[in-house]
Amino acid sequence: MCPSGHCSPVPRCGKPASGGPAQRMRYDERPMVETSHPRVRFAPSPTGYLHLGSARTGLYNFIFARQHEGTFVLRIEDTDLSRSTDQAIVQILASMKEMGLQWDEGPGVPGPHGPYRQTERDSIYHEHVARLLETGHLYPCFCTAEELEAERTAAQADGRDSVYSGKCRALAAEEVQRRQTAGEPYTLRVRVPEGRTVFHDILRGDVAFENDTIGDFIVQRSDGTVTYNLAVVVDDVTMEITHVIRGDDHISNTPKQVVIYEALGAGVPEFLHMPLLFGTDRKKLSKRHGATKLEQLTAEGFLVDVVRNYLCFLSAEFDESMITWTLDDLVRSFDVTKLGTSPSIFDPEKLRWMNGRYVRAMTDEWLGGRLVEYLTRVGFYGDPVGVGELAAQGSQVLAAVVEDAESERLPPTVPDEEHEALTREIAPLVHEKVEVLADFIPMAGWFFRPLEFTPEALERLQATAGAAATLATAAAGLRDLPEWDVPAIETLVRELPPTLELKPKAVFAALRLGMSGQTVTPGLFESLWVLGRDQAVARLEQAAARLV
RNA sequence: GCCCCCAUCGUCUAGCGGCCUAGGACACCGGCCUUUCAAGCCGGCGGCACGGAUUCGAAUUCCGUUGGGGGCACCA
């Protein structure tokens, strides 16, 4: 029944799949994962940017490889010619580099198992197909797409498995010969053996499938190209992959792949199917859930390190101390084999909170640097008013516009020395308030543009008791202040309420509105100080003028 | 329809037969602090999907049901 005589696969690592019932194993009962120099791979399809879910898969592969001193292979699965683009490859590589996921073998990093693009591996696939054909594991099938379609619907109507009937399985050699020479198109199918296929999943234990629910599947199309299931297996075998870490949407493909491994007489790797990343509606995370790519998140002012840690800990126990972990920390301490198995929902709220925590854990200087980079990227310095209006609609709106601009390759604006210095001076004032970097703009954008009042703000100012007197007195006081420092400013401002016989709240409100045109700003004394004496006085006087 | 995976607060999770009156985090609500907004601290709300079985004892083991997801392609 097995012409090749290779049907007793010896798994390269881990326990051989037992024939017993699939049973969930507890962590401490799980066999230790082979830890000596595993080879793992991340195999994205370049049909677009790097999706956050894929990024997560890449991350886990990377961590696992580094943790066990293994090799991290990057392979481009671009066999779908109609959807794959070189531009997408460039984007994906860039995102991976941004996350620090450097690969050991793959595009740009030649290795002994290349090439690393499927479109360049055609001859390798066909060699293997030829071998499988010789050993009788494959047979030609002449069924047309229409026949198959009819078969499928009939099977479904009967409540049977909708798998191939095996019609061409036992075609006589002469008939095959005759139809092939007649030029009839045919595909190549795998002769799936009787019985069941069991494979081991590090997270779930053994998973079993009855082989008759798999059906003889196509491995080579009538145009001579090879299908995904064959390509992955041949790639993984020839690249000597020992651990396949991928999304659990691949679980149902796995038995087919195992059948090919076995037909090839190759060792079956260990599998780790990780839970998928879902949106808040419990569907696979997609564009309608908002940001699904790293670049859009960073355009909103999320830090790459935070996104990376968030993605990592989504299916694991959360601990505040990991918010500021580095990639090296993850490699040192994160255990991929203890991941949960239920799908994870991407929660932007928690990511935001984490980002805020991260920012607060860093120094003022660090924040200043990130802010300058960020504001430069979003074009704030070139157009503080326009970008400010965008940001007022929410950081996501801003990020979307920035992202579009970047894909059109608009040149970013460059900060001049004055803007950069001002940003760094403001950084300490907003340090406790910023969650994502974009929050800086509604909070402190007013420092960068002339005093401006919205009708509502002006109304507020007019409604504030004693505003005119407050503004005039404060302006005069600030002008004559011997020392221009925060304590002096504070002393002066605090003396105002008693002298003017006003409530402190009213005084503070008038000054805040008067200097910024806003009701929310960083600390009043610090803000006046950063503004500088001339600006501070001028603004308060301008505001006072609006009241007469 | 068939096959597979999954199932603890709204969300991410802890839980390994008695330490569970189910613990933590985000979000939400309230309080404190306070010149605004935050941050911070304190408190509150809120969950084992359902039904059987095993057991002295079940969130935990087994079976079923329900629900969600994925696959069943000459897509990857």
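Everything numeric in this text was worked out from a predicted model, so none of it was measured. Hydrogens, waters and symmetry mates play no part in the numbers below; they use all other heavy atoms, side chains included.
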Legend entry - Which residue lies more 5' along RNA chain B, comparing A/E526 with A/T225 via nearest heavy atoms: A/E526
Legend entry - Closest-nucleotide ordering on RNA chain B, the 5'-leading residue of A/F346 and A/C141: A/F346
Looking for any heavy atom pair under 4.0 Å, which part of the strands does [X] touch: base, sugar-phosphate only, or nothing?
X	result
A/G247	nothing
A/T254	nothing
A/T187	base
A/R246	nothing
A/T213	sugar-phosphate
A/S344	sugar-phosphate
A/S342	sugar-phosphate
A/D78	nothing
A/P343	sugar-phosphate
A/R352	nothing
A/C143	base
A/L524	base

Counting heavy atoms from C-beta on, name the nucleotide in [options] closest to the side chain of [X].
X	options	value
A/T79	B/A76, B/U36, B/C5	B/A76
A/Q118	B/C74, B/U36, B/A76	B/A76
A/V207	B/U36, B/C5, B/G40	B/C5

Inset, instruction - Identify which one of A/K256, A/R189, A/R169 satisfies the salt bridge (charged side-chain N to carboxylate O under 4.0 Å, His left out) criterion when paired with A/D216. - result: A/R169
Legend entry - B/C50 - base-pair partner by Watson-Crick or wobble geometry, distances under 3.5 Å: B/G64
Protein-nucleotide distance ([X], atom [atom1]; [N], atom [atom2]), rounded to Å:
X	N	atom1	atom2	result
A/Q518	B/U36	CD	C1'	11 Å
A/R75	B/A76	CZ	P	13 Å
A/W353	B/G24	CH2	P	14 Å
A/Y228	B/C74	OH	P	16 Å
A/L314	B/C12	CG	C1'	6 Å

On the side chain of [X], is there an atom forming a donor-acceptor pair with the base of [N] - under 3.5 Å, no angle test?
X	N	answer
A/K350	B/A25	yes
A/D439	B/A38	no
A/T341	B/C6	no

Inset, instruction - Hey, could you give me the CG/CZ distance between A/L303 and A/R370, rounded to the nearest 0.5 Å? - result: 7.5 Å
Legend entry - Face-to-face stacking of A/F508 with B/U35, centres under 5.5 angstrom, angle under 30°: yes
